[in-house]
Amino acid sequence: MSELLKDMNEPQVQAVLHEKGPLLVLAGAGSGKTRVITRRIAHLVQERKVPPWRILAVTFTNKAAKEMRERLVKLLGEEAARELTVSTFHASAAMFLRREAQAAGLEPSFVIYDDGDQLQMVRRALREAGMDPAGANAREYLSRIDAEKNAGRLPEQMPVGDNIRDKMAHRVYTEYQRLLRAANAVDFGDLLLLWVNTLKTHPEVRVKYQRRFQHVLVDEFQDTNPVQYQLLRLMAPPASNLVVVGDDDQSIYRWRGAAVDNILGFPKDYEGAVVVKLEQNYRSDQTILEAAHAVIANNRRRMDKKLWSTRAKGEPLTLMINRDERQEAQDVAARIHQLRRDGIVDYDGCAVFYRTNAQSRVLEETFRLSRVPYQLVSGRSFYDRAEIRDASSYLRLMVNPKSDADLSRVINTPPRGIGDTTEERLANEARAQGVSLFDALEWPERIPSLNSGAVKRLIGFRQLLDRLVAFGKTAPDATSAADFMLRETGLLVSHQAEGSVESQTRAENLAELLTATKEFDKARAEAKPVVAPAPIEGEDNAPLAIEVPALQAFLEQISLVGEADAEVGEGKVSVMTLHAAKGLEFDAVFLTGMEEDMFPHKRATQPDSDPEEMSEERRLCYVGFTRARRRLYVSLATSRVQFGELKFNPPSRFLAEVPKELFGFSEELPAAPRVAQPVRVRRRYRDDDDDGPRVDHSFDQSAELAQHAGDVKGLRVTHSQFGRGVVLDARGQGPTAKLLVRFETVGEKTVVAKFLTPG
């Protein structure tokens, strides 16, 4: 017992030793929540003698689940740890669905469609529903379907009124689900929704899993959406031993369906729940924690807590003010180099965050020119590449040839003379017969609208698929299946033969896919099998995971890779959105674009915006601040081009919420913007030995920053026709303002602001 608790603080010990009933652990950023979860599991097994197979622990990312498993192996030993169920929500649901496939209305060999496959199926559903896919927004319909699934509603449970858009969405959703079932496929939303539906409609299944898992632990509980919360309430109803760990201040995925009300309302939903607060932070200097709290304290709907640290206050925050986004990027690059030269932080200890993906272009261009080694952190980038998606579709067809989305993707890849018209006629025949595209390929000669050449090519394609399916049934591992597929389809050879630099890169990526399969096969071979325990009368204590072929297991693994599973590059600066930064930490953090309508996002700043939008933006700022261990830089630009328009946005209101002394200021920071009231930012030069304000800048004029206006005299700009120049005067506001510019080549011209870019 003493070994488990010796390095833990009092609230952590309280959470680990909690006796029974529901428990909410409010774990602030950097407060050691993973330690609490893993030590509690070890305590249950070692001290309270709970059989490992009775414990279920779920989290949101593969990375977090892997870290949890590795810690549990060290605490419990490999044999006991293997009996635990430690997984992500989606991976555990996939495992349960394969085990209970009959009750769920599925075949155990179902495939999991990704975003691209789903879009393709939505377009087919639009056609089946009698709509023109070219005239409809397939992405919009897919978003509506995702929203319904996140809310826990199947088509028959979807509320439909007299609104024509709702009626059309219901028709498409219904047809989309029918197509998925016909293809023996599920999407991400189905993994959770179908499992919830199975638990609701099959009491015997629900009781079985409630009895099996006497202890359920949930990490990152603040990120759960309604269907995930339904799942937890079905598997661990009120009064059960449900432990949820999370932080309402870090709930930042509302746009993905996450509901902060789940964690805020937990004590009410689980009556008698004990609440333990983890407020001691082990990551950041106290200055950073105070700045983060100053921002998040302005949210009205939050659970009261405040992070603190035994570490020193550390360096003040640095406020960087630059003329435009390009100078901002140059400033960030210069400071990163300086941090490294001074021996304070190496490249891989630095991270640059931004609110929207559009901001990354200038940062990347500048980093390349400035020779800053960087990595754009993105979880699915490799598997999203076209050639890898093609290969994945062929591999899925080897497992499940009824997958219409995969067959449609590769029917003419590499090119084999099967055009859109031929594919459409094949699809019409399949629809008329009520069969899959693969089944319709058995009789292409029966399709009267096809000529003999098209029939011959379809027969050849069907023969190729037959060879792939036959090999897939007997493939000893994923690598042999992938290698056979690449040879039979000619995917690799076709890219090699093209000869261009781009095609060579694609060929190299396909070779890298084989590296991925080899790594998977090696890990699978080295993994020790779970030894089935002696059956317990009246209990289902058998291993949950059913044995699946290696290729199917590999495909499931890559389909469950998420954005948050990206690896941070060694020796490189990490560049990412604030949403991608969740769960990471760095010695130095640069938070760029700290301007109104940038961060907070414009979606939250409008007069008619939902107040919860601004609350989430503030939580996102809190997350960004608390990623920093030692140095935090916040940056704004007095002008910025957004979507082709020159903007003069005022400083972010979040800056005004941070006490000025945390920046080392002796004067007021920029105030929060008010309607029709500009915000003035004063700049003063600061020498290295100056005790004055810690403000960094690179131009000497004062500027008045208002939401749509500003004194831009002296600003250097570029025009597509006239070249570079300097602004002499301005009349009007916003993108239609008329600026008098002295150009280097043509002299003075009056130009509308939206046709100019800074720099």
Side-chain angles (χ1 to χ4, degrees), residues 319-332 334 356 358-359 361-363 365-366 369 592-599 602 605-606 635-653 655 667-686 695-759:
L319 175 62
M320 301 163 55
I321 302 177
N322 283 286
R323 182 183 65 227
D324 53 44
E325 70 269 25
R326 195 162 294 279
Q327 195 170 72
E328 176 187 53
Q330 292 167 354
D331 198 359
V332 171
T356 62
Q359 294 171 253
R361 179 185 61 83
V362 173
L363 286 166
E365 290 174 358
T366 302
L369 291 172
T592 62
M594 293 291 291
E595 305 129 35
E596 288 291 298
D597 292 353
M598 289 293 293
F599 189 36
K602 186 175 182 178
T605 62
Q606 303 309 299
S635 170
L636 64 91
T638 59
S639 65
R640 185 181 300 272
V641 176
Q642 290 178 257
F643 307 110
E645 292 187 356
L646 185 62
K647 300 284 188 179
F648 303 98
N649 294 332
S652 169
R653 67 190 68 196
L655 294 177
E667 62 177 59
E668 289 299 320
L669 282 173
R674 298 176 182 175
V675 177
Q677 292 186 8
V679 179
R680 182 175 294 278
V681 180
R682 296 190 179 96
R683 298 169 181 74
R684 295 182 181 174
Y685 280 112
R686 175 182 184 272
V695 182
D696 297 289
H697 47 79
S698 51
F699 61 108
D700 59 4
Q701 75 273 26
S702 65
E704 182 158 291
L705 304 178
Q707 192 158 3
H708 296 292
D711 181 2
V712 294
K713 292 179 182 179
L715 181 68
R716 297 194 62 82
V717 293
T718 301
H719 186 275
S720 60
Q721 180 179 350
F722 303 139
R724 293 185 175 183
V726 176
V727 177
L728 303 178
D729 197 7
R731 297 194 307 275
Q733 297 181 342
T736 59
K738 293 181 179 179
L739 306 185
L740 179 62
V741 182
R742 180 187 293 124
F743 292 101
E744 296 172 357
T745 55
V746 296
E748 293 182 7
K749 295 280 186 182
T750 299
V751 183
V752 177
K754 66 181 179 181
F755 297 116
L756 296 169
T757 56

Less than 4.5 Å apart, side chain to side chain, heavy atoms only: is that true for V741 and V726? no
When rounded to the nearest 0.5 angstrom, what is the spacing between CD in E596 and CG in L655? 9.0 Å
State, yes or no, whether a side-chain contact exists between N649 and M598 at a heavy-atom distance under 4.5 Å. yes
Going by salt bridge (Lys or Arg N to Asp or Glu O under 4.0 Å), name the residues that satisfy it together with E595, two or more places apart in sequence or in a different chain. R640
Test of understanding: with side chain to side chain contact (heavy atoms under 4.5 Å, CB included), list the residues that count as partners of L740, not counting sequence neighbours. L728, D729, E748, T750
Would you please name every residue forming a side chain to side chain contact (heavy atoms under 4.5 Å, CB included) with K749, sequence neighbours left out? F722, F743, V746, V751
Flag, side chain of D324 to backbone of R326, donor-acceptor distance under 3.5 Å: yes
What are the two closest heavy atoms between L756 and L646, and how far apart are they? O-CB, 3.9 Å
Is there a donor-acceptor pair closer than 3.5 Å between any side-chain N or O of E325 and the backbone N or O of V362? no
Measure from the side-chain N and O atoms of Q327 to the backbone N and O of R323, and report whether any donor-acceptor pair falls under 3.5 Å. yes
For D597 and T605, which I'm curious about, is there any donor-acceptor pair between the side chains at under 3.5 Å? yes
N/O donor-acceptor pair under 3.5 Å between T366 side chain and A329 backbone: no
State, yes or no, whether a side-chain contact exists between L715 and S639 at a heavy-atom distance under 4.5 Å. yes
Side-chain contact, heavy-atom cut-off 4.5 Å: L636 with M320? no
With rounding to the nearest 0.5 Å, note down the distance linking CG in N322 to OG1 in T592. 11.0 Å
